[in-house]
Amino acid sequence: MIKPQAKRRKRPEGAAPAETLLAWYDAHRRDLPWRAPPGRQADPYAVWLSEIMLQQTTVATVKGYFEKFLVRWPTVEALAEAPLEDVLAAWAGLGYYARARNLHACAGKVARDHGGRFPAREAALLDLPGVGPYTAAAVAAIAFDAPCAAIDGNVERVMTRLYAIETPVRQAKPLIREKTQALLPAARAGDFAQALMDLGAMVCTPRGPLCGLCPWAQNCAACRAGAQEDYPVKEKKAEKPKRRGAIFILRRGEETLLARRPPEGLFGGMSAFPATPFSRDVGPDEWLDFAPCPAEWRALAEPVAHVFTHFALRATVFVARTEAAPRFGADCRWAARRNLDKEGLPTLMRKAAAAAGLFDD
DNA sequence: TAACCGTGGAT
DNA sequence: TATCCAAGGTT
């Protein structure tokens with residue numbers, strides 16, 4: 001059976017949208033540490049590493065971490081052989097620490113199961129820990145030039161504007177995918193993916209989009225209607241709960257304090273101080289029930305404030321000293337004060353340590 | 001499916 | 001100060 005010829009829309013301007021965008025990209029592309037120079041093949045390891053770091057994280061924040069990781073672990077094998085604690089410590093401050101655990105697991109899987117080479121196919125990439133639909137498509141396109149639609153927040157914004165999609169993005173994802181796939185060029189899939197993201201980051205911005213500089217402005221339904229900023233349509237999000245809790249800093253002598261590694265959940269795998277649960281509202285009169293041991297706990301006057309994705313926290317910091325060595329849970333240990341700083345603490349714990357004056361000298 | 005999972009910068 | 005949001009994934 002003969003496939004019907006795909007209907008081709010007439011393009012009085014000549015170029016297909018992808019070609020227009022690629023021409024714009026060639027002139028305006030951002031120079032980023034993980035990008036290969038024009039015409040050169042990107043290193044799949046560097047592409048993957050950058051994509052994991054960039055999940056929900058700004059380019060400006062990622063740059064320093066990316067370069068530090070690449071110097072320390074230049075290949076996926078090197079990363080696979082590194083102790084997980086080292087990787088987590090290097091990740092400290094970047095947030096979403098499950099990404100670091102999955103990063104290490106993924107490196108191990110690539111080293112063991114794929115001979116140290118990242119698979120080139122989207123489906124195989126999807127099987128790797130920490131690699132979801134976006135990242136699989138992005139790595140396949142950017143590192144292997146596969147014609148895959150890498151749909152992130154930028155692309156959702158560009159597409160909902162281009163086609164004036166009124167449906168809230170959560171429900172419009174299948175439509176957005178369809179529209180994006182229809183635009184994929186026959187060649188330069190990797191550049192197209194990056195061009196779309198550069199367009200979203202530099203021109204088709206969430207607020208104040210620069211439609212005058214947009215190569216697609218003439219084709220953009222939202223722009224023609226002067227309604228760029230009405231898209232994407234979002235559902236209003238739930239109010240962020242405010243929670244309270246306590247953090248316990250137990251000191252032994254001047255240079256030693258009690259650290260803990262939560263096995264999972266918030267700060268899973270990271271070094272932290274013992275604390276009350278933050279997931280529910282434990283009343284202040286119950287806080288000391290969660291202290292690692294009985295002691296003369298002294299509360300700092302001013303709580304530390306920290307905002308997470310799904311709740312805002314004000315945590316009271318308790319400090320106590322002990323000369324004894326009571327028994328603690330298996331995930332607790334005594335740590336040198338100076339090492340703890342080096343080890344990397346999540347930001348909340350760093351704030352608590354600073355409030356307690358641990359890093360004063 | 002919805003909740004969970006960090007952080008810092010812009011407005 | 002409050003809100004949004006940045007190259008999402010997992011459970």
Side-chain angles (χ1 to χ4, degrees), chain A residues 29-30 32-35 42 46-66 88 91-103 105-106 125-143 148-158 169-171 173 180 190 192-202 204-208 229 232 234-243 262 264-270 272 277-280 304-314 344-351:
Chain A
R29 54 175 280 171
R30 289 177 292 177
L32 300 171
W34 44 87
R35 278 190 179 167
V47 172
W48 161 76
L49 178 61
S50 70
E51 289 300 341
I52 301 298
M53 288 184 167
L54 285 162
Q55 290 169 3
Q56 299 287 285
T57 309
T58 58
V59 165
T61 301
V62 165
K63 277 182 179 170
Y65 282 89
F66 174 80
L88 287 168
W91 194 277
L94 246 193
Y96 285 135
Y97 298 104
R99 288 186 297 171
R101 301 195 297 273
N102 286 329
L103 185 85
C106 180
L125 286 161
L126 255 181
D127 268 344
L128 299 172
V131 176
Y134 162 75
T135 305
V139 173
I142 298 170
C148 301
I151 301 167
D152 70 334
N154 287 306
V155 178
E156 288 177 349
R157 186 169 58 254
V158 170
V169 276
R170 183 162 300 278
Q171 302 141 35
K173 284 178 190 293
T180 307
F192 181 76
Q194 296 176 92
L196 218 36
M197 288 187 269
D198 274 12
L199 187 71
M202 298 193 292
C204 195
T205 50
R207 277 164 300 195
E229 298 206 50
K234 302 199 169 170
E235 293 152 319
K236 53 190 167 198
K237 46 190 74 169
E239 208 170 303
K240 190 167 289 192
K242 300 183 197 316
R243 300 192 189 283
E264 56 186 12
L266 194 65
F267 305 143
M270 298 295 293
F278 303 140
S279 53
R280 63 193 172 91
V304 291
H306 194 72
V307 181
F308 297 96
T309 305
H310 52 297
F311 66 98
L313 176 70
R314 284 168 57 80
L345 290 169
T347 298
L348 169 67
M349 297 299 164
R350 182 167 299 283
K351 286 179 181 175

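Letters A, B, ... mirror the listed sequences (proteins, then strands); counts begin at 1. Reckoned from all heavy atoms, side chains included, excluding hydrogens, waters and symmetry mates.
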task = Check the distance between C:dA6's P and A:Met197's CE and give it to me in whole angstrom.
result = 14 Å
ask   = If we take the P atom in both C:dA6 and B:dC5, what is their distance in whole Å?
value = 23 Å
ask   = For the pair made of NZ in A:Lys237 and C1' in B:dA2, what is the distance, rounded to whole Å?
value = 14 Å
request  = Would you indicate what A:Leu126 reaches in the nucleic acid, counting non-hydrogen atoms under 4.0 angstrom: base, sugar-phosphate, or nothing?
outcome  = nothing
Partner set under salt bridge (charged side-chain N to carboxylate O under 4.0 Å, His left out) for A:Arg350, not counting sequence neighbours = A:Asp341
ask   = Roughly how many Å is it from CG in A:Leu125 to P in C:dG9, rounded to a whole number?
value = 12 Å
Nearest-Å distance once atom P is located in both B:dG6 and C:dT11 = 14 Å
inquiry  = Suppose we call two aromatic rings close when their centres sit under 6.0 Å apart. Are A:Phe66 and A:Trp34 close by that rule?
reply    = yes
message = Output the rounded distance in Å from CG (A:Leu103) to C1' (C:dG8).
response = 14 Å
request  = Taking only the side-chain nitrogens and oxygens of A:Lys234, find out if one of them lies under 4.0 Å from OP1 or OP2 of C:dC4.
outcome  = no
ask   = Going 5' to 3' along nucleotides 4-11 of chain B, which nucleotides have protein heavy atoms under 4.0 Å from the base (write B), which only from the sugar-phosphate (write S), and which from neither (write -)?
value = SBBBS---
Partners meeting salt bridge (charged side-chain N to carboxylate O under 4.0 Å, His left out) with A:Lys173 (sequence neighbours left out) = A:Glu156
request  = Quick one: list whatever passes ring-ring contact (aromatic ring centres under 6.0 Å, His included) with A:Tyr96, sequence neighbours left out.
outcome  = none
query = Is any side-chain nitrogen or oxygen of A:Arg157 closer than 4.0 Å to OP1 or OP2 of C:dA6?
reply = yes
task = Taking only heavy atoms on the protein side, list every residue of residues 133-141 of chain A lying under 4.0 Å from any atom of DNA chain B, sorted numerically.
result = none
query = Who pairs with A:Thr347 by side chain to side chain donor-acceptor pair (under 3.5 Å), at least two apart in sequence or on another chain?
reply = none
Set of residues satisfying salt bridge (charged side-chain N to carboxylate O under 4.0 Å, His left out) with respect to A:Arg35, sequence neighbours excluded = A:Asp198
request  = Could you check whether A:Val155 gets within reach of a base, just the sugar-phosphate, or nothing at all, counting any heavy atom under 4.0 Å?
outcome  = nothing
query = When the distance from CD of A:Glu156 to C1' of C:dA6 is rounded to whole Å, what number comes out?
reply = 12 Å
task = Check the distance between B:dA2's C1' and A:Glu235's CD and give it to me in whole angstrom.
result = 12 Å
query = Just how far, in rounded Å, is P of B:dT1 from CZ of A:Arg170?
reply = 9 Å
request  = Would you classify A:Trp34 as touching base, sugar-phosphate or nothing, given that sugar-phosphate means primed atoms plus P, OP1 and OP2, and contacts are heavy atoms under 4.0 Å?
outcome  = base
ask   = For A:Ala138, which residues count as a side-chain contact (heavy atoms from CB on, under 4.5 Å) partner, sequence neighbours excluded?
value = A:Glu51, A:Tyr134, A:Ile142, A:Ala150
query = Who are the side chain to side chain donor-acceptor pair (under 3.5 Å) partners of A:Thr180, not counting sequence neighbours?
reply = none
key: Check: A:Phe308 ring centre within less than 6.0 Å of A:His310 ring centre   = no
